[in-house]
Asks: 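Can you read through this structure? Questions will come right after.
The figures that follow rest on heavy atoms only: side chains count, while hydrogens, waters and symmetry mates do not. Throughout, a chain's letter reflects where its sequence line sits, starting with A, and its residues are numbered from 1.
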2 protein chains.
Amino acid sequence: MSTKAPRIPLGVIRRLPVYLRHLKQLEDHHVQTVSSQELGAQLDLNPAQIRKDLAYFGEFGRKGIGYEVRYLIDKIEQILKLDREIPVALVGAGHLGIALCHYNQNKPGNLVIGHVFDNDPAKVGMRIGQVVVRPAEQLERCLREHQIRMAVIAVPAEHAQEVADRLVQGGVTAILNFAPAALRVPEHVHLRNADFTSELQSLAYYVLD
Amino acid sequence: MSTKAPRIPLGVIRRLPVYLRHLKQLEDHHVQTVSSQELGAQLDLNPAQIRKDLAYFGEFGRKGIGYEVRYLIDKIEQILKLDREIPVALVGAGHLGIALCHYNQNKPGNLVIGHVFDNDPAKVGMRIGQVVVRPAEQLERCLREHQIRMAVIAVPAEHAQEVADRLVQGGVTAILNFAPAALRVPEHVHLRNADFTSELQSLAYYVLD
DNA sequence: TAGATTGTTAATCGATTAACAATC
DNA sequence: TAGATTGTTAATCGATTAACAATC
């Protein structure tokens, strides 16, 4: 099919980058074609799930053959909008912010952290690879100027809500939050939490001994 | 009831730290008691879900009243095993590893990153707050010596699988992996992936414009 | 063609939500 | 007591898995 309509489950969207990464590895190893069975074995996922996930977006495989690796990579990148350059703002130039920014520059994709902000005068002006840290006052104006829709929050929990509010004010609609705080955002804004402490704490449950 | 048996859904376990964090905030604001209704409104969760989550582990509330904040904090910490000190190993003293280690020391809980490893001689001996980076060769021996069961992987993707294997060798049963790699671990080991790039990529799907 | 594998429908499984008796 | 809220069962919803016709 083609048109939108069938709301895609979050789980499907979150698996797409996993498929993408693995497909790129296969491509590096000059694998031309892969079946859902093979992919499932390699990623420890049910083959039917992989086929169903992909079928949400179109018919990308060939019966009796499988999926062409290069073609599927292109398709998934299109679906995730990774086929165009998307500017990303980062708020917070502490250890974590610097780490994320460096990583983003080391492994450059189409998600480009081009603007970093911090409210600490000691941090403003500092260079992280190619990028220079700007004062937090410029946040909203800069977001609008560059039409930035995606942002990463890497500030202390106490300031995370204020930053989120200002990102939304500036027109951001997708936020990845590393601060350990339950943020409130409007309905139309997609928020994803990636909080180190919570992850570790929930993992502690599974420690036996 | 009391005995184990009813396997707890992962989603429940992952919400417990969220409850915990919020309850601590309530305690800071001298709130003594909270109902599932209030908690749900504050965290944007269904009250029935909160009650059901907690009911997996016991009867912690009082009908007609709600939950006593302090008591519930204690109970959740017991469930997650945060009432005892758990040593955590960190492999990889790059930007991210340093960030995580600093954060862990700034906000000290009972999950203590007490050992950091890196295979880069330039990093070995470096101090991150209180902790000194040790050579990767000592990994297995040190894990065993200190009976470490939890570990964080913050190395490049190329080395993540090898590190995971060695952690398992050393007796680790719970791993938080920050490397963008689909790791393979034995059945008895709990693996959680927290990969920045994947998160950001899946978020890109929701950027409209 | 025969064997393999997709896309899709149907069956299963599990998680979320609603409803309500018990009770503070 | 009357009002509120839990713990829990039942109903709903959604996601995963199995099965298979279509077809390369």
Side-chain angles (χ1 to χ4, degrees), chain A residues 1-3 5-19 22-23 26 31-76 79 202 205, chain B residues 1-3 5-19 22-23 26 31-76 79 202 205:
Chain A
M1 298 300 144
S2 63
T3 41
R7 218 198 111 272
I8 316 291
L10 177 62
V12 175
I13 301 298
R14 297 197 64 180
R15 280 189 293 272
L16 292 182
V18 178
Y19 299 155
H22 189 73
L23 288 165
L26 291 178
V31 177
Q32 307 250 337
T33 285
V34 69
S35 69
S36 61
Q37 179 125 180
E38 293 166 324
L39 217 43
Q42 288 155 18
L43 293 173
D44 216 355
L45 294 171
N46 185 302
Q49 180 170 64
I50 296 174
R51 294 201 299 280
K52 196 152 208 282
D53 284 356
L54 297 173
Y56 276 105
F57 305 99
E59 308 199 352
F60 304 140
R62 282 163 65 196
K63 295 177 198 203
I65 309 293
Y67 300 89
E68 210 207 307
V69 172
R70 182 65 244 172
Y71 180 73
L72 192 51
I73 289 174
D74 286 344
K75 283 302 173 185
I76 294 178
I79 294 164
S202 66
Y205 174 81
Chain B
M1 297 307 140
S2 63
T3 41
R7 219 198 108 273
I8 316 290
L10 176 62
V12 175
I13 301 299
R14 298 197 63 180
R15 281 189 291 273
L16 293 181
V18 177
Y19 300 155
H22 190 72
L23 288 165
L26 290 178
V31 177
Q32 307 251 334
T33 285
V34 69
S35 69
S36 62
Q37 179 125 179
E38 294 166 324
L39 218 44
Q42 289 155 20
L43 293 173
D44 216 355
L45 294 170
N46 185 300
Q49 182 170 63
I50 295 174
R51 293 201 299 280
K52 199 154 205 285
D53 284 356
L54 298 173
Y56 276 104
F57 305 99
E59 308 197 353
F60 304 141
R62 282 163 63 197
K63 296 178 197 197
I65 308 293
Y67 299 89
E68 210 206 308
V69 172
R70 182 65 245 172
Y71 181 73
L72 192 52
I73 289 174
D74 285 343
K75 282 302 173 185
I76 294 178
I79 295 163
S202 66
Y205 173 80

Asks: Does S36(A) put a side-chain nitrogen or oxygen below 4.0 Å from OP1 or OP2 of dT5(C)?
Replies: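 Negative; the distance criterion is not met.
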Asks: With the side chain of A48(B) defined as its heavy atoms from C-beta on, choose the nearest nucleotide among dA15(D), dT17(C), dT5(C).
Replies: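 Comparing dA15(D), dT17(C), dT5(C) against the side chain of A48(B), the answer is dT17(C).
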Asks: Picking from dA22(D), dT6(D), dT16(D), which would you name as closest to the side chain of K63(B)?
Replies: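 Of dA22(D), dT6(D), dT16(D), dT6(D) is nearest to the side chain of K63(B).
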Asks: Whole-Å distance between dG7(D) C1' and L39(B) CG?
Replies: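 Answer to the nearest Å: 16 Å.
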Asks: Nearest whole Å is fine: how far is dG14(C) C1' from R7(B) CZ?
Replies: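 Rounding to the nearest Å, CZ of R7(B) and C1' of dG14(C) are 10 Å apart.
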Asks: Go nucleotide by nucleotide along DNA chain D from the 5' end; which of I65(A) and V34(B) gets its closest nucleotide reached first?
Replies: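 Closer to the 5' end of DNA chain D: V34(B).
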Asks: Could you tell me the separation between the CG atom of N46(A) and the P atom of dC13(C), rounded to a whole number of Å?
Replies: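 Interatomic distance, CG of N46(A) to P of dC13(C): 13 Å.
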Asks: Just name whichever nucleotide pairs with dT8(C), Watson-Crick or G-U, keeping both distances under 3.5 Å, else none.
Replies: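 Partner of dT8(C): dA19(D).
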Asks: Tell me: CG of L10(B) to P of dG14(C), nearest whole Å?
Replies: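 Atom CG in L10(B) sits about 14 Å away from atom P in dG14(C).
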Asks: May I have the distance from I50(B) (atom CD1) to dT8(D) (atom C1'), rounded to whole angstrom?
Replies: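 It is 16 Å, rounded to the nearest whole Å.
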Asks: Given atom CD1 of I8(A) and atom C1' of dT16(D), what is their separation to the nearest angstrom?
Replies: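 After rounding, the gap between these two atoms is 16 Å.
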Asks: Could you state the NZ-P distance from K52(A) to dT9(C), rounded to the nearest angstrom?
Replies: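 Roughly 9 Å, once rounded to whole Å.
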Asks: Looking only at heavy atoms, what is the nearest atom pair of I65(B) and T33(B), with distance?
Replies: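 Where I65(B) meets T33(B) most closely, the heavy atoms are O-CG2, 3.8 Å.
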Asks: Using a cut-off of 4.0 Å on non-hydrogen atoms, how would the nucleic acid contact of R62(A) be classed: base, sugar-phosphate, or nothing?
Replies: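 Counting heavy atoms under 4.0 Å across all strands, the contact made by R62(A) is with sugar-phosphate only.
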Asks: So, for I13(A) and I8(A), which heavy atoms are closest and what is the spacing to 0.1 Å?
Replies: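 For I13(A) and I8(A), the tightest heavy-atom pair comes out as CD1-CG2, 3.8 Å.
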Asks: Q49(B) CD to dG14(C) P: how many Å, rounded?
Replies: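 Those two atoms, CD and P, are 17 Å apart.
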Asks: Picking from dA10(C), dG7(D), dA18(C), which would you name as closest to the side chain of R51(B)?
Replies: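 Nucleotide nearest to R51(B)'s side chain: dG7(D).
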Asks: Determine the minimum heavy-atom distance between V18(A) and R14(A), stating which atoms define it.
Replies: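 It is CG2-O, 3.9 Å.
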Asks: For the side-chain contact (heavy atoms from CB on, under 4.5 Å) test, which of K75(B), E38(B), R51(B), R62(B) pairs with Y67(B)?
Replies: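 By the side-chain contact (heavy atoms from CB on, under 4.5 Å) criterion, Y67(B) pairs with just one of K75(B), E38(B), R51(B), R62(B): R51(B).
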Asks: What are the two closest non-hydrogen atoms of F60(B) and L54(B), and how far apart are they?
Replies: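 That closest heavy-atom pairing would be CE1-O, 3.7 Å.
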Asks: For a quick test of reading the model: is some side-chain N or O of Y67(B) closer than 4.0 Å to OP1 or OP2 of dA4(D)?
Replies: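 For dA4(D), neither OP1 nor OP2 has a side-chain N or O of Y67(B) closer than 4.0 Å.
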